[in-house]
Number of protein chains: 2
Amino acid sequence: MKGMTEEQILLTAGEEKTASRFSACLLFSANALARAITAIGDEEFGRFGLCYSHAYLLCEVVAQPGISPSQLSETLYLTPSTITRLVEKLELKRLVRRESEGKKTLIFPTPEGEALQPEVSKAWDQVGARYSQILGDTNVCQLTQQVLKAAKTLGEDF
Amino acid sequence: MKGMTEEQILLTAGEEKTASRFSACLLFSANALARAITAIGDEEFGRFGLCYSHAYLLCEVVAQPGISPSQLSETLYLTPSTITRLVEKLELKRLVRRESEGKKTLIFPTPEGEALQPEVSKAWDQVGARYSQILGDTNVCQLTQQVLKAAKTLGEDF
DNA sequence: TATTTTTGCTTGCACATACAAATATAACAT
DNA sequence: ATGTTATATTTGTATGTGCAAGCAAAAATA
């Protein structure tokens with residue numbers, strides 16, 4: 001079996017095994033893809049000491065100053081607790097600040113945050129350019145839409 | 001802007017913003033999809049105290065007794081260090097065992113591991129069934145192939 | 001108005017994952 | 001044989017993420 005590709009294994013392995021591996025493969029492959037692309041993202045955003053979710057969050061906050069954690073949670077498809085943690089990190093880096101208003105929390109960009117945003121956007125484009133070059137523009141476009149749609153559908157129904 | 005869907009934002013936001021968000025969206029959406037599906041997986045595999053990568057690793061070890069960490073690393077698209085950590089966990093649960101042979105390490109399933117594998121496979125199918133029901137069979141089939149291919153391509157070129 | 005329920009956000013804890021460095025063995029060159 | 005380089009695996013450390021629980025404020029109900 002050594003040196004065989006995944007497809008070959010799928011084709012030659014026993015019946016049940018093939019079925020089970022294949023049917024769950026989206027769980028596997030989705031994570032594999034996420035890790036592969038995140039690696040690219042981390043490299044680009046790492047120049048600012050950010051990871052991709054920091055970058056995305058910062059852009060959202062700059063685009064919508066005063067946005068709430070729950071809104072961010074929906075937009076980024078991340079748990080509220082995760083949002084809190086990300087905001088904490090960005091607060092430490094003085095890129096955003098929090099304002100409590102009753103039980104709500106408003107998140108604003110700091111001047112530094114706003115100043116950094118264009119660079120972050122540039123890095124963002126750079127990430128896109130890199131994986132587009134590897135995967136092909138058309139492919140990426142199509143894949144992105146399908147993947148996003150699937151993520152949304154699962155997010156709603158689950 | 002409240003209550004708008006992602007597409008609406010994309011369509012109505014300013015030019016550069018649209019471009020940057022969209023071009024990097026695969027980074028974002030791939031992670032979102034991975035998290036959404038992983039949530040399902042964790043629920044199913046959680047019954048055995050496993051996560052999806054534990055489950056996958058166990059199945060591989062049962063299928064190929066004596067497999068090495070580096071081989072697993074390639075198959076699972078995970079770092080060698082991550083493989084070590086996963087194997088440690090499974091070793092604690094007495095599902096696999098390690099044998100050192102020179103600088104190589106051979107990983108074998110324990111009897112308990114082999115006994116558990118069918119159940120894990122069943123859970124595996126269950127995961128597939130659940131997201132197939134939500135996303136649609138055809139969709140899943142197509143998506144899985146595309147996603148896997150993209151992950152592989154990125155894994156090679158990066 | 002007082003009590004209950006719901007909502008929004010934050011923590012405690014746990015875990016998968018990765019990078020960089022360490023270790024140990026094998027392969028190779030001289 | 002000996003010194004060097006390459007390979008395989010493991011650790012130290014850090015981080016993003018989520019669940020369950022906590023907490024505080026708002027809303028609803030009585």
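Labels below follow one simple rule: chain letters A, B, ... track the order of the sequence lines, proteins then strands, and each chain is numbered from 1. Keep in mind that this is a model prediction, so the values were computed, not measured.
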Chemist: Rounding to an integer number of Å, can you tell me how far B:Glu91 CD sits from D:dT10 C1'?
Modeler: 12 Å

Chemist: Roughly, in whole Å, what's the span from CG in A:Leu106 to P in C:dG8?
Modeler: 13 Å

Chemist: Whole-Å distance between D:dG16 C1' and B:Leu27 CG?
Modeler: 13 Å

Chemist: Under 4.0 Å, heavy atoms only, any strand: does A:Pro69 hit a base, just the sugar-phosphate, or nothing?
Modeler: sugar-phosphate

Chemist: What is the distance, to the nearest angstrom, from the CD1 atom on B:Ile37 to the C1' atom on D:dG18?
Modeler: 17 Å

Chemist: May I ask you to say whether B:Arg97 pairs ionically with B:Glu91, meaning some side-chain N is under 4.0 Å from a carboxylate O?
Modeler: no

Chemist: Return the value, rounded to whole Å, for the distance between atom CG of A:Leu90 and atom C1' of D:dT17.
Modeler: 15 Å

Chemist: Report yes if the distance between the aromatic ring centroids of B:Trp124 and B:Phe45 is under 6.0 Å, otherwise no.
Modeler: yes

Chemist: Tell me the interatomic distance from A:Glu88, atom CD, to D:dA14, atom P, rounded to whole angstroms.
Modeler: 18 Å

Chemist: Could you check whether A:Glu43 pairs with A:Arg130 (Lys NZ or Arg NE/NH1/NH2 to Asp/Glu carboxylate O, under 4.0 Å)?
Modeler: yes

Chemist: Would you say the rings of B:Phe28 and A:Tyr56 are close, in the sense that their centroids are separated by under 6.0 Å?
Modeler: yes

Chemist: Got B:Val61 and B:Leu95 here, is their nearest side-chain heavy-atom distance under 4.5 Å?
Modeler: no

Chemist: Mind checking side-chain hydrogen bond (donor to acceptor under 3.5 Å, both in side chains) for B:Arg85 and listing every partner two or more places apart, or none if nothing turns up?
Modeler: none

Chemist: With sugar-phosphate meaning primed atoms plus P, OP1 and OP2, does A:Ser100 contact a base, only sugar-phosphate, or nothing at under 4.0 Å between heavy atoms?
Modeler: nothing

Chemist: Can you tell if the side chain of B:Gln71 reaches within under 4.5 Å of the side chain of B:Glu60, non-hydrogen atoms only?
Modeler: no

Chemist: Between the protein and nucleotides 24-27 of chain C, which nitrogen or oxygen pairs come in under 3.5 angstrom?
Modeler:
| residue | atom | partner | partner atom | Å |
| --- | --- | --- | --- | --- |
| C:dT25 | O3' | B:Lys103 | N | 3.3 |

Chemist: In whole Å, what is the span from the NZ atom of A:Lys93 to the C1' atom of D:dT15?
Modeler: 11 Å

Chemist: Could you write nucleotides 14-22 of chain C as a row of B, S and -, 5' to 3', where a protein heavy atom under 4.0 Å of any base atom gives B, of only sugar-phosphate atoms gives S, and otherwise -?
Modeler: --SBBB---

Chemist: Within a strict 4.5 Å, meaning less than it, do heavy atoms of the A:Leu50 and A:Lys89 side chains meet?
Modeler: no

Chemist: Has B:Thr153 got a side-chain atom pairing as donor or acceptor with A:Leu135's backbone, closer than 3.5 angstrom?
Modeler: no

